[in-house]
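Written below as structure tokens is the structure these notes are about.
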Amino acid sequence: MFFSIMGFLKSSSLIKIQNILAKFPLTKPSQIHSHGRTKLRPNEVLKEYLKTNATAKALFLFRDLIRKSISSIDSFSLLYITKVCTRKSLPHEGRQFHTLVVKFGYEPIIFIQTSLVSYYSSVANLADARQVFDEMLTKNVVCWTVLISAYVDNQKPNSALKLFREMQMDNLEPDQITLTVTLSACADLGALDMGKWIHNYIRRSKKLDKDLSLYNALLNMYTKCGDIETAKILFVSIEKKDVKTWTSMITGYAIHGQATEALSLFRAMTQTKIIPNDVTFIGVLMACSHVAMVDDGKRYFKKMTEDYGLKPRISHFGCMVDLLCRAGLLQEAKDFILQMPVKPNAVLWRTLLGACGNSGGVDLAEDVRGRLFELEENWAGDDVIMGNIYGSSGIWDKKEITRNRINERRVPGCSWIEVGSEINEFVAGDCDHPFACKIYEKPKIE
DNA sequence: ATAGGGTTAG
């Protein structure tokens, strides 16, 4: 990785960068340097473009700076342009700007390093994010937090928790942002012990800035870990709630099949000034689907668009399909999928296929399997369901064909479970591997 | 002037 950057340096990094930027047409200088009425300096324009999400404009401007006034590029320009790349997850451009950072000697600046870690995380390049972090001579809370977020964002919550512990072993105190991020790793893992440990840490700490995001993260951790009682107590104790607070609690009840509680909480929410958003409705629809309240689900789905002007996304349609399937309305579910305004994905069809496995219907199942074959032909679970359907219908020849398909797969299917929290050694290598053990020590709760 | 914040179907 850094090898290649050094390689770029030797073979003139500027030419490489110009190549990357050459695909954008030239912008006249007058358009660049005057912004509004007053003339602004390039960095101020870049900052403005960043604020307004004008990615292309920012890249045009930066290219013109390289071509015409390279001396006006400083560490702030590079910081802003790196943030532009992060915001849009541009997979190639950020690396080129990293090259420039090296060339200009801005590598030791902690703000630059931190935003590079964040950039590599945004393009799912954890190896380079880690390398920039490892090469930092002085590390502070912010860069540790960015790296922890990187692992959370890229579905490596065990690694995130491991880093959280390493940070403390490095004698750095986490702040409220570190804790918010770490709590989401706990939520992803169902790591209730660690979550409680953090809750306790928050209670003890006097200097921590305990803002609403932190409490929302705590609430979310408790609901995702299944401790709905503590979640409820926490929810009540939060005086100033926002839409996320309400949504977390509603979704928490929904996940645990407590539809009545979820829906009455939604009604209570409508009595406040907090307006439900599309995510809130996912919680509401989940609640209906988990207890097969078909008519209520349909009503809320309508309410969402008609009363709140919210446009349903694929996940909302997914909730509806789930709702119809759980109620055994398989044909209606299929019709619903076919008339959706968005293209159905594999997950959606798979919901229906799973339902066919529960309540029969070989013809429908074969139809759905055919559609799934076009989307993700090698998903082992689909064949398992088909095999079971054939088996329960006594169609043994087709069952055998399906079983053989499964056995011929090169990559075995796998599942994983949480293995208690007493183990404080982690399995060598990737600790987010499905077969790795939990990696943190059992916290001592005072 | 400058870096960090998961409420989202199955």
Side-chain angles (χ1 to χ4, degrees), chain A residues 41 43-44 46-48 50 74-80 82-83 86 106 109-119 121-122 132-133 136 139-150 152-153 155 157 160 174-188 209 211-217 219-221 223-224 241-252 254-255 269 274 276-290 297 312-326 344-355 379 381:
Chain A
R41 303 162 68 145
N43 283 352
E44 289 168 314
L46 272 176
K47 195 176 175 180
E48 185 62 27
L50 181 66
D74 62 8
S75 65
F76 291 95
S77 337
L78 278 159
L79 188 74
Y80 294 137
T82 305
K83 283 186 80 167
T86 307
Y106 296 141
I109 301 173
I110 194 162
F111 298 95
I112 296 265
Q113 293 167 320
T114 309
S115 64
L116 282 169
V117 175
S118 180
Y119 163 71
S121 165
S122 78
V132 176
F133 176 85
M136 291 174 73
K139 300 178 172 73
N140 60 16
V141 196
V142 180
C143 68
W144 274 98
T145 306
V146 170
L147 194 66
I148 294 171
S149 314
V152 176
D153 291 344
Q155 292 80 45
D175 65 10
Q176 88 276 15
I177 301 178
T178 321
L179 296 173
T180 305
V181 173
T182 309
L183 280 168
S184 91
C186 297
D188 291 348
D209 176 15
D211 59 13
L212 184 54
S213 289
L214 181 60
Y215 284 115
N216 283 344
L219 179 64
N220 182 245
M221 181 279 295
T223 60
K224 293 288 155 59
K241 304 175 178 67
D242 67 0
V243 64
K244 294 181 184 178
T245 322
W246 285 95
T247 302
S248 281
M249 197 66 225
I250 290 170
T251 308
I255 292 169
M269 181 184 181
I274 314 294
N277 63 17
D278 50 346
V279 186
T280 316
F281 276 95
I282 287 183
V284 171
L285 294 175
M286 269 172 65
C288 297
S289 121
H290 287 182
R313 284 177 293 105
I314 188 108
S315 42
H316 297 95
F317 292 109
C319 288
M320 291 307 288
V321 171
D322 194 42
L323 175 71
L324 295 169
C325 285
R326 284 180 202 242
N345 57 20
V347 173
L348 232 149
W349 284 116
R350 194 161 290 132
T351 305
L352 182 53
L353 185 66
W379 192 273

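The basis for the numbers below is simple: all heavy atoms, side chains too, and nothing from hydrogens, waters or symmetry mates. Every chain is numbered from 1 and lettered A, B, ... according to where its sequence line falls, protein lines coming before strand lines.
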Exercise. Is any side-chain nitrogen or oxygen of Lys83(A) closer than 4.0 Å to OP1 or OP2 of dG4(B)?
Worked result: yes
Exercise. Which part of the nucleic acid does Thr178(A) contact within heavy-atom distance under 4.0 Å: base, sugar-phosphate only, or nothing?
Worked result: base
For this session: Let me know the distance between CE of Met221(A) and P of dT7(B), rounded to the nearest Å.
Result: 13 Å
Exercise. Which of residues 140-149 of chain A sit near DNA chain B, with a heavy atom under 4.0 Å from it?
Worked result: Asn140(A), Val141(A), Val142(A), Thr145(A), Val146(A)
For this session: Looking at every strand, decide which applies to Asp209(A) at a 4.0 Å heavy-atom threshold: base, sugar-phosphate, or nothing.
Result: nothing
Problem set entry | Any residue meeting side chain to side chain donor-acceptor pair (under 3.5 Å) with Ser115(A), in chain and number order, not counting sequence neighbours | none
Exercise. Quick one: which of dT2(B), dG5(B), dT8(B) gets closest to the side chain of Val181(A)?
Worked result: dG5(B)
For this session: Using a 4.0 Å heavy-atom cut-off across all strands, classify Asp211(A) as base, sugar-phosphate, or nothing.
Result: base
Exercise. So what does Leu219(A) touch, heavy atoms closer than 4.0 Å: a base, only the sugar-phosphate, or nothing?
Worked result: nothing
For this session: Output all residues satisfying ring pair (Phe, Tyr, Trp, His ring centres under 6.0 Å) with Phe111(A), sequence neighbours left out; order by chain, then residue number.
Result: none
Exercise. Rounded to the nearest Å, what distance is computed from the CZ atom of residue Phe133(A) to the P atom of nucleotide dG4(B)?
Worked result: 16 Å
Exercise. Can any side-chain N or O of Ser118(A) pair as donor or acceptor with the backbone N or O of Thr114(A) at less than 3.5 Å?
Worked result: no
Problem set entry | Atom-pair distance (CD1 on Ile112(A); P on dT2(B)), nearest Å | 13 Å
Exercise. Is Asp188(A) touching bases, backbone alone, or none of the nucleic acid, heavy atoms closer than 4.0 Å?
Worked result: nothing
Exercise. With Thr245(A), which residues qualify under side chain to side chain donor-acceptor pair (under 3.5 Å), at least two apart?
Worked result: Asn216(A), Asp242(A)
Exercise. Are any of Lys241(A)'s side-chain N or O atoms less than 4.0 Å away from OP1 or OP2 of dT7(B)?
Worked result: no
Seminar exercise, completed: For Ser77(A), the side chain to side chain donor-acceptor pair (under 3.5 Å) test, sequence neighbours excluded, returns Asn43(A), Asp74(A)
Exercise. Which part of the nucleic acid, if any, lies within reach of Ile314(A) when heavy atoms closer than 4.0 Å are counted: base, sugar-phosphate only, or nothing?
Worked result: base
For this session: Could you tell me whether the side chain of Ser122(A) and the main chain of Tyr119(A) form a donor-acceptor pair under 3.5 Å?
Result: yes
Seminar exercise, completed: Residues pairing under salt bridge (charged side-chain N to carboxylate O under 4.0 Å, His left out) where one sits in residues 314-323 of chain A, two or more places apart or in two chains, turn out to be Asp322(A)-Arg326(A)
For this session: Give the rounded distance in Å between these two atoms: CE of Met320(A) and C1' of dT8(B).
Result: 16 Å
Exercise. When the distance from CG of Leu116(A) to P of dT2(B) is rounded to whole Å, what number comes out?
Worked result: 18 Å
Problem set entry | Aro-ring/base stack Phe317(A)-dA9(B), d under 5.5 Å, angle under 30° | no
For this session: Would you kindly check whether a donor in the side chain of Ser248(A) faces an acceptor in the base of dT7(B), or vice versa, at under 3.5 angstrom?
Result: no
For this session: Determine the contact category for Val243(A): base if any of its heavy atoms lies under 4.0 Å from a base atom, sugar-phosphate if only primed atoms, P, OP1 or OP2 are that close, otherwise nothing.
Result: nothing
Exercise. Considering only side-chain heavy atoms of Ile177(A), which listed nucleotide, dG4(B), dT7(B), dA1(B), is closest?
Worked result: dG4(B)
Problem set entry | Whole angstrom value for the distance that separates C1' of dT8(B) from NZ of Lys244(A) | 12 Å
For this session: Would you kindly give the CG-to-P distance between Leu348(A) and dT8(B), to the nearest whole Å?
Result: 18 Å
Problem set entry | Sidechain-backbone polar pair: His316(A) side chain, Asp278(A) backbone, donor-acceptor under 3.5 Å | yes
Exercise. Please give, in whole Å, the distance from dA9(B) C1' to His316(A) NE2?
Worked result: 9 Å
